[in-house]
A.B. asks: 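Right, I'll just put the structure down here and ask away after.
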Number of protein chains: 2
Amino acid sequence: MPDSVALDPVDLHILRLLQNDARTTYRELAAEVGVAPSTCLDRVARLRRSGVILGHRLRLDPARIGRGLEALLLVQVRPHRRELIGPFVERIRALPESRAFFHLTGPDDYLVHVAVAGPADLQRLVLDEFTSRREVARVETRLIFQQWECGPLLPPSEGARAPESQPGSPAP
Amino acid sequence: MPDSVALDPVDLHILRLLQNDARTTYRELAAEVGVAPSTCLDRVARLRRSGVILGHRLRLDPARIGRGLEALLLVQVRPHRRELIGPFVERIRALPESRAFFHLTGPDDYLVHVAVAGPADLQRLVLDEFTSRREVARVETRLIFQQWECGPLLPPSEGARAPESQPGSPAP
DNA sequence: GATGAAAGCAGGGCGCT
DNA sequence: AGCGCCCTGCTTTCATC
C-alpha cells in the first residue's frame with residue numbers, strides 16, 4: 001500500500017511550489033508551471049487521492065505560545081512487547097507536550113520530541129509520564145538548543161523512480 | 001524576540017480549529033467560535049504578524065515519493081567549535097535527504113532526521129556526507145520503524161501564560 | 001476592536017478538444 | 001488527459017458602530 005507513485009515534472013513542480021506555501025492558489029500554480037488552472041486542480045486532486053499529499057498543517061512557533069523549551073526523550077521500554085507498548089504509545093501520543101514520536105531500532109526504543117514551558121514542566125513530564133510507568137526502563141533527556149526544518153521533501157532525482165537498494169537488502 | 005504572545009480564548013479556539021484542519025474557511029471558523037468571519041480574518045492575520053503562526057505546510061508521504069526508509073542519525077562533531085559547526089550545519093541542512101535537524105545537549109551534538117529510498121542510499125549518505133567530513137567524530141544510525149505526529153500544539157492551559165519554572169531555573 | 005454588506009476572486013463541475 | 005467556461009461561494013475590504 002505505501003507504494004511509490006510515478007510523478008511527472010508537472011507534479012514535481014506543483015509539489016515544490018506547494019511546499020513553499022501550501023496556500024498558493026491554483027491560478028498562481030498554473031501560471032508558474034505553465035498549464036491551465038483546472039489542470040492544476042486535477043493534478044492536486046490526484047496527488048491527494050494517491051496518498052502523496054497527506055494534508056495541510058498549520059505551523060506554530062512553540063516559543064510564542066509559552067512552550068519555549070524543547071527536548072528529545074530517548075526511552076527504553078522493557079519488556080519490549082506488544083501488550084506493553086500499545087498503551088505506552090497511546091499515552092505518549094495523547095500528551096499535549098508531545099510534538100513527534102518515533103519507534104526506533106537501537107538501544108533506545110522510542111524517541112519523543114516534546115515542547116514545554118520550562119525546566120520545571122520538563123521535570124514533571126519526565127517523572128509523571130515516563131519514569132513512573134512500569135514498562136519504562138530508562139529515559140534520557142536531551143535539550144534542544146536549536147532546530148531547523150529542512151528543504152522541501154522531494155523525490156530522489158527529477159521524476160525518477162526510487163533508485164533501488166543493492167541485492168540482499170530489499171527496501172521495506 | 002521569541003517572546004510569548006498573549007492569546008485570548010478566541011485566538012485559542014481559532015488555533016485549535018486550524019490545527020485540526022489548516023484549510024478551514026473563515027466562515028466555518030466564525031460559526032464555531034461565535035464571531036464574524038471578518039473578525040476571524042483579523043485574528044488570523046494578527047497571529048501571523050505576531051509570529052505565532054509560522055505558515056502552512058503541505059504534508060507529503062515520504063514512502064509514496066520513493067523515500068520509504070527513514071532514520072535518525074546521532075552525530076558527534078569534534079572539536080565542537082563555531083568555525084566547524086557552521087559549515088557542517090549548512091551542508092546538512094542543504095541535503096535533500098534531510099527532513100529535520102537538531103542541535104542538542106548530551107553526548108551527541110546533532111540529531112538528523114533523514115528520508116531515503118533504501119539501505120543503499122542510507123549507506124551512501126552516511127559515508128559520503130557524514131563520516132567523510134573531518135569534523136564528524138561519530139555517527140550512530142537508528143532506523144525508524146514507525147512515527148506519529150502528535151496532537152495540536154497548544155498553550156499549556158486555557159489561555160494561561162507560561163507557568164514559570166522554579167527559582168534558579170529561568171526558562172530560555 | 002467587532003460587524004454586516006458588497007465586490008472581487010478562487011474553487012470545482014462540465015463539456016469540448 | 002488537458003483545457004476553458006461558468007457558477008457558486010468564500011475571502012477580503014470598507015464604512016459604521
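Heavy-atom basis, side chains included; hydrogens, waters and symmetry copies ignored. Letters A, B, ... are given to chains in the order of the sequence lines, protein chains preceding strands, and every chain is numbered from 1.
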A.B. asks: Specify the residue among Val35(B) and Thr24(A) whose closest nucleotide of DNA chain C lies further upstream toward the 5′ end.
C.D. replies: Val35(B)
A.B. asks: Closest to the Asp42(B) side chain: dT11(D), dA2(C), dG11(C)?
C.D. replies: dA2(C)
A.B. asks: Calculate the interatomic distance between Leu41(A) atom CG and dC6(D) atom P; express it in whole Å.
C.D. replies: 18 Å
A.B. asks: On DNA chain D, compare the nucleotides closest to Ala36(A) and Arg27(A); which residue's is nearer the 5' end?
C.D. replies: Ala36(A)
A.B. asks: To check you understand the geometry: which heavy-atom pair defines the closest contact between Gln76(A) and Asp108(A), and what is its length?
C.D. replies: CG-CA, 4.3 Å
A.B. asks: So, Arg124(B) and Glu97(B), do they make that salt bridge, N to O below 4.0 Å?
C.D. replies: yes
A.B. asks: Starting from P on dA10(C), measure out to OH on Tyr26(B) and report it in whole angstrom.
C.D. replies: 14 Å
A.B. asks: Can you tell which of dG13(C), dT13(D), dA10(C) lies closest to the side chain of Thr25(A)?
C.D. replies: dA10(C)
A.B. asks: Give the rounded distance in Å between these two atoms: CZ of Arg49(A) and C1' of dA1(D).
C.D. replies: 13 Å
A.B. asks: Ile14(B) CD1 to dT11(D) C1': how many Å, rounded?
C.D. replies: 15 Å
A.B. asks: Starting at CZ of Arg23(B) and ending at P of dG11(C), how long is that distance when rounded to a whole Å?
C.D. replies: 8 Å
A.B. asks: How about Arg59(A) and Glu149(A): do any of their side-chain heavy atoms sit closer than 4.5 Å?
C.D. replies: yes
A.B. asks: Hey, what do you get for CZ (Arg142(A)) to CZ (Phe102(B)), rounding to the nearest 0.5 Å?
C.D. replies: 13.0 Å
A.B. asks: Rounding to a whole Å, what distance do you find between Leu47(B):CG and dG1(C):C1'?
C.D. replies: 14 Å
A.B. asks: Please tell me which of the listed nucleotides, dA2(C), dG12(C), dT13(D), lies nearest to the side chain of Arg43(B)?
C.D. replies: dA2(C)
A.B. asks: Between dA1(D), dG1(C), dG12(C), which nucleotide has the shortest distance from any of its atoms to the side chain of Arg46(A)?
C.D. replies: dA1(D)
A.B. asks: Is Thr39(A) close enough to dC3(D) that one of its side-chain N or O atoms is under 4.0 Å from OP1 or OP2 there?
C.D. replies: yes
